[in-house]
Amino acid sequence: QVQLVESGGGLVQAGGSLRLSCAASGRTFSDYTMGWFRQAPGKEREFVAVISWSGGTTSYSDSVKGRFTISRDNAKNTVYLQINTLTPEDTAVYYCAATTKFQWSRIATMTFYDYWGQGTQVTVSS
């Protein structure tokens, strides 16, 4: 089992940047594929990005590709989400998630992940 704690959210102006962090504790961090999702007010939670256990493979939703970068530091048990050129449409609660499954075709589905953090709020003002 793993516990996940996100941090780094806040209020930023459009065009700004943030780096979100997700610290993991418990089972060996490098056992997990790590994902980021977000949920905007009144909307369903949606996939943002994912990174393989080694960090060698990543994938992004089309809506964030080119602006968001996912990375991980297995020595620090932490996964990051660098968010650049923020827009008001990026306003959401951002969640990290973890899974030990190896089924890359399911990386964008919530049920693929076994563990979730509590989320961190990102608010972008225009």
(request) Please tell me if the side chains of Arg106 and Thr111 come closer than 4.5 Å, counting only heavy atoms from C-beta onward. (result) yes
(request) Kindly work out whether a path of hydrophobic side-chain contacts (I/L/V/M/F/W/Y, heavy atoms less than 4.5 Å apart) joins Ile51 to Val2. (result) yes
(request) Nearest 0.5 Å please: distance from the OG1 atom of Thr69 over to the CZ atom of Arg19. (result) 11.5 Å
(request) Identify the two heavy atoms, one from Ser126 and one from Ala14, that lie closest to each other, and give their separation to 0.1 Å. (result) CA-CB, 4.3 Å
(request) Mind checking the OG-NZ spacing from Ser59 to Lys65? Nearest 0.5 Å is all I need. (result) 6.5 Å
(request) First locate atom CG of Asn77, then atom CD of Gln3, and finally report the distance between them rounded to the nearest 0.5 Å. (result) 11.5 Å
(request) Walk me through it: do Glu46 and Ser61 pass the test side-chain contact (heavy atoms from CB on, under 4.5 Å)? (result) CA-CA 9 Å; Glu46 65 172 354; Ser61 69; 6.0 Å; no
(request) Could you tell me whether a side-chain N or O of Thr91 sits under 3.5 Å from a main-chain N or O of Val124, the two making a donor and an acceptor? (result) yes
(message) To the nearest 0.5 Å, what is the distance between OH on Tyr115 and CG on Leu4?
(response) 9.5 Å
(message) Hydrophobic cluster membership, with links at side-chain heavy-atom distances under 4.5 Å among I/L/V/M/F/W/Y: are Val79 and Met110 in one?
(response) no
(message) Would you compute the distance between atom CG of Leu11 and atom CD of Gln13 and round it to the nearest 0.5 angstrom?
(response) 8.0 Å
(message) Working to the nearest 0.5 angstrom, can you tell me the gap between Leu81 CG and Phe37 CZ?
(response) 12.0 Å
(message) Tell me which pairs pass salt bridge (charged side-chain N to carboxylate O under 4.0 Å, His left out) where either residue lies in residues 79-98, with sequence neighbours left out.
(response) Arg38-Asp90, Arg67-Asp90
(message) side chain to side chain donor-acceptor pair (under 3.5 Å), that's the test. Do Ser30 and Arg72 meet it? Break it down for me.
(response) CA-CA 9 Å; Ser30 59; Arg72 68 189 295 162; over 6 Å; no
(request) Is it possible for you to say whether Tyr113 and Tyr32 belong to one hydrophobic cluster, with membership spreading through side-chain heavy-atom contacts below 4.5 Å? (result) no
(request) Taking all heavy atoms of Thr99 and all of Phe112, pick out the closest pair and write down the distance. (result) OG1-O, 2.9 Å
(request) Kindly work out whether a path of hydrophobic side-chain contacts (I/L/V/M/F/W/Y, heavy atoms less than 4.5 Å apart) joins Leu86 to Val64. (result) yes
(message) Please find the pair of heavy atoms, one from Gln121 and one from Ala92, that lie closest to each other, and give the distance.
(response) NE2-O, 3.4 Å
(request) Sorted by first residue and then second, give each ring-ring contact (aromatic ring centres under 6.0 Å, His included) pair with at least one member in residues 59-96; sequence neighbours left out. (result) none
(request) Only one of Thr33, Asp114, Ile107 passes side chain to side chain contact (heavy atoms under 4.5 Å, CB included) with Lys101; say which it is. (result) Asp114
(request) Answer yes if Trp36 and Val93 sit in the same cluster of Ile, Leu, Val, Met, Phe, Trp and Tyr residues linked by side chain heavy atoms under 4.5 Å apart, and no otherwise. (result) no
(message) Under the criterion side-chain contact (heavy atoms from CB on, under 4.5 Å), I'd like the reasoning laid out for Ser7 against Thr120: C-alpha separation, chi angles, the key distance, then a yes or no.
(response) CA-CA 6 Å; Ser7 62; Thr120 186; 5.5 Å; no
(message) Closer than 3.5 angstrom, by distance alone: can the side chain of Glu6 be matched with the main-chain N or O of Gly119 as a donor-acceptor pair?
(response) yes
